[in-house]
Structures are given as C-alpha cells and as structure tokens.
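Numbers here are sequence positions counted from 1. Just so you know, ligand 1 is whichever comes first in the structure, and atom 1 is the first atom listed for that ligand.
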Amino acid sequence: MKILLENALVLKDAFSQPKRAKVLIENGKISKLDDFVEEVVDERYDLSGKLIIPGLINAHTHAAMTLMRGIAEDMYLHDWLFKRIFPIEDRLNPEDVYYGTMLSQMEMARKGIVGYVDMYFHCDAVARAALDFGMKALVTRGLTDVNGLEAGKLKLQQNIDYFQRWHGKEGLILVGFGPHAPYSCSTAYIDHIAKTAYELGATVTIHLYESKQENYSLKELLKTKLSECKVIFAHCVHINKQDMKLLSSENFFVAHNPTSNLKLANGIAPIQRMLKENIRVCLGTDGAASNNTLDIWHEMRLATLLQKKDNPINMKVEEALAMATINGAKASGLTTGTIEIGGDADLVVLDIEKPWYLPQQYLKSHLVHSVNSLDVFATMVKGRWVYFDNNFPTIKESQIRSKFEGVIKKLIDTKN
Ligand code: NI
C-alpha cells in the first residue's frame, strides 16, 4: 500500500522549519521524503494549503473518563476523587470503559493526537478500543494497595496478564504499569510493581506531587527498583529542588498537565526550573473529568503562558512543540515524534488557509500561540487515516455516540 502526500508544507520536527516536501508512505512507514518522483501509488492526496507535522502525544490521561466529563466541577482533588469519581468508577463495566475510551479517541484524533498514555482499569477494553480505532496507546492498569498488599498483588497480576495479551499488538499497543500514586501505594508495593516492570522491560507511570497535601519522599521512593525503570511521573507540581535533581535522568519523564492542575487548584508546575535541570517534560491532558477537553494544543499554549508569567524568555515555541511531539514520543515509546524516513507515518495535517496562520513566515509561533485545534484536517496513525475531513474512517461514529449515551443514561439513572 503506497500513499503519496503532496503539495503540503512539512514540519519534520519541533526544531526545524516548515518547507515544501512530498511524503511517501509504504505499509505504514515513511519511505520517501522531500523531492522525488513516484508515479504509481495506491492513494494520492493533494494537500495544497496544508501543513503536515508529527502527530501529537497525550502523555497522561485516563481516556474513559470522558464518561465523567462535567460531572464534578468546582472541587478540590481529594473530594473530586473520593466523593465523585471513585463511586462512579466502581460501577463501570468493561463495555462502559470501551465506549468512554472510544469517544475519547474520537476527540483526540480530531485534535491531532496519534497516541496516548492511559492509566485505568478494564484494560482489555481500553486496548481493544485503541486497536479498533487504530490509535496508539501505552495502556497501564491503575494499581493501588489501599485494601492491603494481597489485593494490590491481584491487580498487579491483572496488569501482567494485560501485558502478555496486548504488548506490541499490531505495532499500536504497548502495555506498562500504573501504580496510582505514592499516597495510594505502599513503598513495598511500588517496589514489587517496579521489579515486575523492570523484568518485562515495561514503562511505569505514576502520579507524583500533584497536590500540596501529598507528603512522602521521592528519595525514599527511588530506593526501590523504580529508580531503574523507565518512568513517566505525572504532574510534579509540588516538587522541591532536591527532588528535581533526582528526576534529571534519561529514564525519567515528567508529564505536565497544566489545565488539570489549575482546575483542581493544585497550582503550576515549575516547568522552567525542570528544563534547567535537564528534566524531560512532555504534555498530558489528564482525564476529561478534570480538564475537560483532550486538547494538547491547548496544553501547549497554557504551559507556555504559565511559564512566561515571570519572564518572557521562558518556554520557547520549540520547547513547547517538542514537549507535545518528540518528548511525548520518547516517554511513551509509541512513535518517533518526527517525520523521517523509516519512522511510522504518525502525522497531523493542518488546514493553514486561515487568517491566523499569516504571516506564514512565523508558522511555528502560530502552532503554539494562535492555532485552533479544530484546524486539524486529518490525523494519520501508522499510515492509516483515523480522522479525515470531518470523518472517522475506522469507526461508525453514530453507533459510538449512541452507545456512549446509553452508558451515560445508565450511570446517571443509577446515581442514587
Ligand atoms: Ni491523572
């Protein structure tokens, strides 16, 4: 299968400049780039007036939480989680999670996201939804041992089973491990999870220092096997200088979720200081119940503006674009985060024939500061369009919507 994209501008990575180039895709991978002659192809797209960029990565989310979008507003993290979210999550079955995840993927694909890092439960349903949609996902089971270490170990066994069933499936799915947070996992449990992840070569993701009430020691945590794992630490809002130094490792990434952090009154993560410590930062939306949109463009701009509040030289356009693309790609292991020969064809096509993309000499600035996520014209994952010009070619949109609404009706009807 050969697909040719022509007449578009192409931004190959966050640090280069857009230029006119053709892109040839063969069997899901980019096989030719720039200027070449290719007469016989299966599909040919004239993308005049469009810009192609690497696909965006959502490095921290709980995809199925679209089911709870708008359900718990104006609350602090603790009450939001324990009084509103957990009681609903207790009632979710695998089919509910499947349709919540599907709706989430529709939104993400519509906004140029090609892959996401998920932490949830009923992970067979999450992986199945990603596979059915054709989107990339690093699937992790949220793990806690608040009901005792043995109960925690049962959840860990589920995570291991998910790994065995899904890891590497069709080049779309990776499975990692998701200890929820140091306040909901004992150190012994985290060590146990980390040893398992390390043996399997799997990535770990964990919430860290999300709210200022969280009281534990990262130094103690890193005395466990976690220190040797590849880890995505989500949030890191309330992190001190010493702890920041501990995160400056090539195995570690911080997933910054600026909207969710503000909405739950958790504050602003010190991203500029992290960058100075050479910490690798990527971007996440968190779940739709605390954001409420799954829009990495929005996170890019907000992240940039929050860091600029004290000094305009903080967070340059390239840094923001790198966080949304290559850093998220490296953290998740899902893709290259670049447009390059040999890489998976995971890309976004933007319609730049809009007033807010002029003057075109400064397109990269526009991608952070004046973009509208709905300008995404198409999103391709591994050489397959998952969103194209107001359509989702891999699914039946009306069916997903009505199933999703059925789940919502059930959840609300049984609320009391
Ligand atoms: Ni989260």
Side-chain angles (χ1 to χ4, degrees), residues 57-73 75-86 88-89 92 97 100-101 104-105 107-108 113 115-123 126 137-144 146 155 159 176-185 190 193 203-214 216 221 231-239 247 252-269 271 281-296 298-299 302-303 323 328 331-332:
I57 296 291
N58 185 355
H60 179 71
T61 192
H62 314 277
M65 290 183 90
T66 47
L67 294 165
M68 285 157 266
R69 186 188 340 244
I71 220 164
E73 298 293 325
M75 300 173 90
Y76 283 102
L77 174 66
H78 186 273
D79 284 355
W80 173 87
L81 194 58
F82 288 88
K83 291 188 179 161
R84 298 292 282 140
I85 300 301
F86 283 163
I88 296 169
E89 287 186 335
L92 296 180
V97 169
T101 304
S104 167
Q105 291 176 148
E107 180 176 356
M108 289 195 274
I113 292 167
Y116 61 98
V117 179
D118 196 58
M119 183 197 285
Y120 219 58
F121 50 94
H122 297 317
C123 295
V126 178
L138 169 59
V139 178
T140 73
R141 203 248 186 258
L143 302 166
T144 68
V146 286
K155 288 182 181 166
N159 203 150
F177 288 78
H180 174 259
Y183 62 80
S184 52
C185 297
I190 289 175
I193 296 165
T203 302
V204 175
T205 186
I206 183 167
H207 296 93
L208 190 79
Y209 296 132
E210 181 174 2
S211 73
K212 65 170 175 278
Q213 283 77 25
E214 291 174 36
Y216 44 75
L221 204 62
V231 188
I232 303 169
F233 295 96
H235 302 296
C236 301
V237 180
H238 299 279
I239 184 162
L247 290 187
F252 295 162
F253 293 83
V254 168
H256 178 38
N257 302 263
T259 303
S260 173
N261 295 154
L262 287 177
K263 192 156 183 279
L264 295 172
N266 288 321
I268 301 169
I271 298 303
V281 180
C282 43
L283 292 173
T285 59
D286 216 344
S290 65
N291 186 310
N292 300 1
T293 178
L294 306 174
D295 187 338
I296 288 294
H298 183 84
E299 303 303 323
L302 181 59
M323 285 178 192
S332 63

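By the 6.0 Å contact criterion, OH on Tyr76 is open, its count of non-hydrogen atoms from other residues, nucleotides or ligands being 12 or less.
Restricting His62 to its N, O or S atoms, the one at the least distance from the Ni ion (ligand 1) is NE2. His60 has its closest N, O or S atom to the Ni ion (ligand 1) at the position named NE2.
Here OG of Ser184 is found 8.5 Å from CG of Leu81. Values are rounded to the nearest 0.5 Å. Taking CE of Met65 as the start and CE of Met119 as the end, the distance is 11.5 Å to the nearest 0.5 Å.
Here His207 contributes NE2 and Asp286 contributes OD1, and at the Ni ion (ligand 1) these two atoms make an angle of 170°, given to 10°.
Counting heavy atoms from C-beta on, the side chains of Ile85 and Met68 come closer than 4.5 Å.
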